[in-house]
Colleague: 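Here it is: the structure, laid out below.
Atoms within each ligand, like the ligands themselves, are counted from 1 in listed order. All values derive from a computational prediction rather than experimental measurement.
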Amino acid sequence: MILYSPQDGLLTLHTAHTTYQMELEPHGFLRHLYYGARTDNADFRYLHRNYDRGYSGNPAELRNDRSFSVDTMPQEYTGFNAGDFRTPSLRAVHADGSYAADLRYAGHEIVNGKYALPGLPAAFDRDGNAMTLIITLKDTATPLQVRLYYGVFEELDVITRATEIVNGGTDAVYLEKAASACMDIPFGKWELLHFHGRHCMERQAERVPLGHNAQTVESRRGASSHHHNPFVILCAPDTREYAGECYGFMPVWSGNHKTEVETDYLGSVRVVTGIHDSQFRWKLEPGQSFYTPEVLLSYSATGFSTLSHNYHDMIRYHICRSQYVGKPRSILVNNWEATFFTFDTERLLRIAREAAKLGVDLFVMDDGWFGTRNDDNSGLGDWFVDERKLPGGLRPLIEGVKELGMKFGIWMEPEMVNEDSDLYRRHPEWVLRAPNRAPMYCRNQLVLDMSREDVRQYLYDCFSTLLRDNEISYVKWDMNRSVSDMYSNALPADRQGEAGHRYVLGVYDLLERLTQTFPDVLFEGCAGGGGRFDAGMLYYTPQIWCSDDTDAIERLAIQHGTSFGYPAFTMGAHVSACPNQQTGRVTSMYTRGVVAMSGTFGYELDLNRLSDSEKDEVRLQIDAFKKVEALIRDGIYYRLNELEEQEFYSVWEFAARDGSEALVNLVVKHVLANAPLCHVRLKGLDPAATYRVEGSDSVYSGAALMSGGYTFPMLWGDYPSMQLRFMRVG
Ligand code: DGJ
């Protein structure tokens with residue numbers, strides 16, 4: 001609900017449990033008043049008191065009221081070089097060389113439905129309940145305008161924000177910073193929970209206090225990165241999974257991003273989030289608009305779990321557009337860790353045959369099927385089947401897979417090229433690379449200039465032909481290096497600061513065209529594992545390979561961190577061979593299954609190499625997964641133990657929305673002698689119902705399991721685990 005009260009200039013956004021209020025302040029400033037628990041009929045203007053603070057200056061027309069300063073005013077979107085010395089939202093250079101903007105209210109509109117952003121992924125209104133508020137601000141001295149977009153998803157407790165910057169003048173303006181949103185939280189003590197990582201260890205949750213300084217969560221790697229996920233949470237010091245306040249900020253963006261969290265001299269916290277201003281300079285021609293990516297905001301007064309649920313539902317139902325949302329996904333086997341580059345049709349079919357016998361539905365051929373791709377030094381860009389490995393092309397392989405009753409999927413890495421490729425020999429100008437400068441190599445590959453229409457058309461032609469001519473049900477879209485050397489041969493000198501941003505827009509454009517042309521193909525995102533795991537990519541690919549680390553124990557921390565912002569069924573998770581390829585660790589097939597089942601389940605090994613008893617276990621795993629697939633996909637996910645307990649064990653649950661069942665998973669990471677028992681309180685059950693643990697005679701009431709909880713038996717050995725399915729029986 002969006003309310004406007006003209007007599008006191010209040011704009012109020014209500015969701016089911018939150019209220020967001022701002023004021024059209026009498027001098028034209030857009031003042032942020034409140035974001036927090038839902039409060040009906042409140043006028044939060046009383047919260048803010050003005051005092052002369054010294055060194056915080058006053059606007060010209062208010063020079064005699066020294067208590068009025070934009071430097072101490074909570075704001076929705078700041079100008080710059082005009083009296084607010086905190087982190088700005090915007091930085092633009094006008095034709096006369098001046099750097100300033102003093103933004104004042106110029107109008108607003110409230111409309112039904114959800115705004116869209118040209119060329120950008122953004123949340124959409126699936127059920128006709130969303131509303132949009134657009135506020136226009138104008139610079140006092142130039143024709144620069146800023147339009148602030150707010151999307152209200154009432155039931156989900158999510159408010160989206162984005163910004164359009166309009167050049168209303170006759171000269172070009174250069175944008176050097178264009179954040180999606182600014183939010184000031186003037187009161188309270190806050191901590192920052194963010195998700196850092198590295199290749200093979202993405203999204204590690206880290207909680208740190210805020211000091212009187214600025215902390216930044218950012219990527220300058222051209223992609224959202226393994227290193228800093230574009231999602232942060234501000235939480236009160238006492239916030240836990242099921243209690244306490246927290247705010248989430250999630251840019252829907254897959255490129256360079258930056259979230260700045262600054263505590264000012266009065267203790268007010270400012271969060272400015274969106275695209276990174278490093279290597280960014282956008283020439284905004286007269287009459288043109290620049291649209292920032294969207295950011296998803298949410299607030300919870302009842303801990304991290306509620307916040308996660310808000311994001312999970314937002315992403316599942318209003319970000320992921322694929323028809324596969326809400327549908328069973330095939331259980332796949334991928335040949336990467338089984339064969340790497342060394343395979344031929346027969347070797348792949350051997351894996352597929354065994355997989356089919358065990359109940360796998362989809363065979364995915366990974367890297368190495370094209371060009372001269374015998375290792376990772378050559379071939380990228382030449383998207384033509386290597387007939388030395390696959391005689392007769394893809395057809396015999398696909399036919400063989402189909403005869404086994406399985407579907408066929410394929411790997412691709414559209415954005416990259418090897419120097420040793422026909423494509424590079426034909427079009428060296430198609431890569432990002434500054435003149436007269438040797439590029440930075442990574443995995444011996446260079447980055448195609450996705451800002452170029454001719455590059456995208458080449459890729460579209462290659463992949464649309466591939467998908468049209470072959471029965472391909474699934475695509476894994478990989479991206480295996482950070483983007484550097486951001487220089488486009490197709491852009492003039494004064495637009496080179498646009499190359500990195502246009503790269504991502506180009507990726508989105510190609511994804512849009514391919515996913516819309518082939519809606520029946522399930523696309524899985526990937527970037528050396530989870531190096532581009534973000535809401536922007538999820539708009540096009542409803543699942544993303546979560547990490548190249550398939551070690552079940554390391555995966556616990558990766559999937560746990562990822563779960564704060566993203567639903568389980570967006571995470572690609574596979575059972576792989578032991579000793580594990582990344583760590584050498586040995587875990588049981590059972591534990592590997594428990595962990596991989598909390599994602600889009602599959603296998604990443606040569607199933608022929610398993611013993612008969614392991615194969616029996618795989619069969620049981622697949623049967624078990626099929627029974628709970630809908631619960632994992634559409635149910636509510638609960639982290640049952642806290643962040644600081646994760647070192648020893650991890651417990652999580654999926655509960656059906658109607659309370660009919662729950663799947664509880666425990667993995668012990670560190671077995672201790674004579675250890676205290678692991679005890680958890682279940683969530684999301686019907687307190688009046690009775691539940692039986694599948695496979696046993698034990699029966700409990702929902703109320704007992706949620707209040708008294710459940711005590712696990714003592715588990716022994718290396719990395720033991722337990723999966724319990726509680727079924728409502730009365
Ligand atoms: C990185 C991916 O994450 C792996 O799963 C695999 O597809 C390789 N790339 C192939 O090069």
Colleague: With Asp367, which residues qualify under side chain to side chain contact (heavy atoms under 4.5 Å, CB included), at least two apart?
Modeller: Trp336, Phe341, Phe370, Arg373, Trp411, Arg443
Colleague: Identify, chain by chain and in numerical order, each protein residue with a heavy atom under 4.0 Å from an atom of ligand 1.
Modeller: Trp336, Asp366, Asp367, Trp411, Arg443, Lys476, Asp478, Asn480, Cys526, Gly528, Gly529, Trp545, Asp548
Colleague: Taking side chain to side chain contact (heavy atoms under 4.5 Å, CB included) as the definition, give me every residue that meets it alongside His199, ordered by chain and number, with sequence neighbours left out.
Modeller: His226, Asp548
Colleague: Mind checking what makes side chain to side chain contact (heavy atoms under 4.5 Å, CB included) contact with Arg426, not counting sequence neighbours?
Modeller: Asp422, Leu423, Tyr458
Colleague: Do Arg203 and Phe533 meet the cation-pi criteria used here (NZ or CZ under 6.0 Å from the six-membered ring centre, within 45° of the axis)?
Modeller: yes
Colleague: Using the six-membered ring of Tyr719, assess whether NZ or CZ of Arg592 lies under 6.0 Å from its centre and within 45 degrees of the ring axis.
Modeller: no
Colleague: Just to verify, which of Glu337, His574, Gln581 counts as forming a side chain to side chain donor-acceptor pair (under 3.5 Å) with Thr550?
Modeller: Glu337
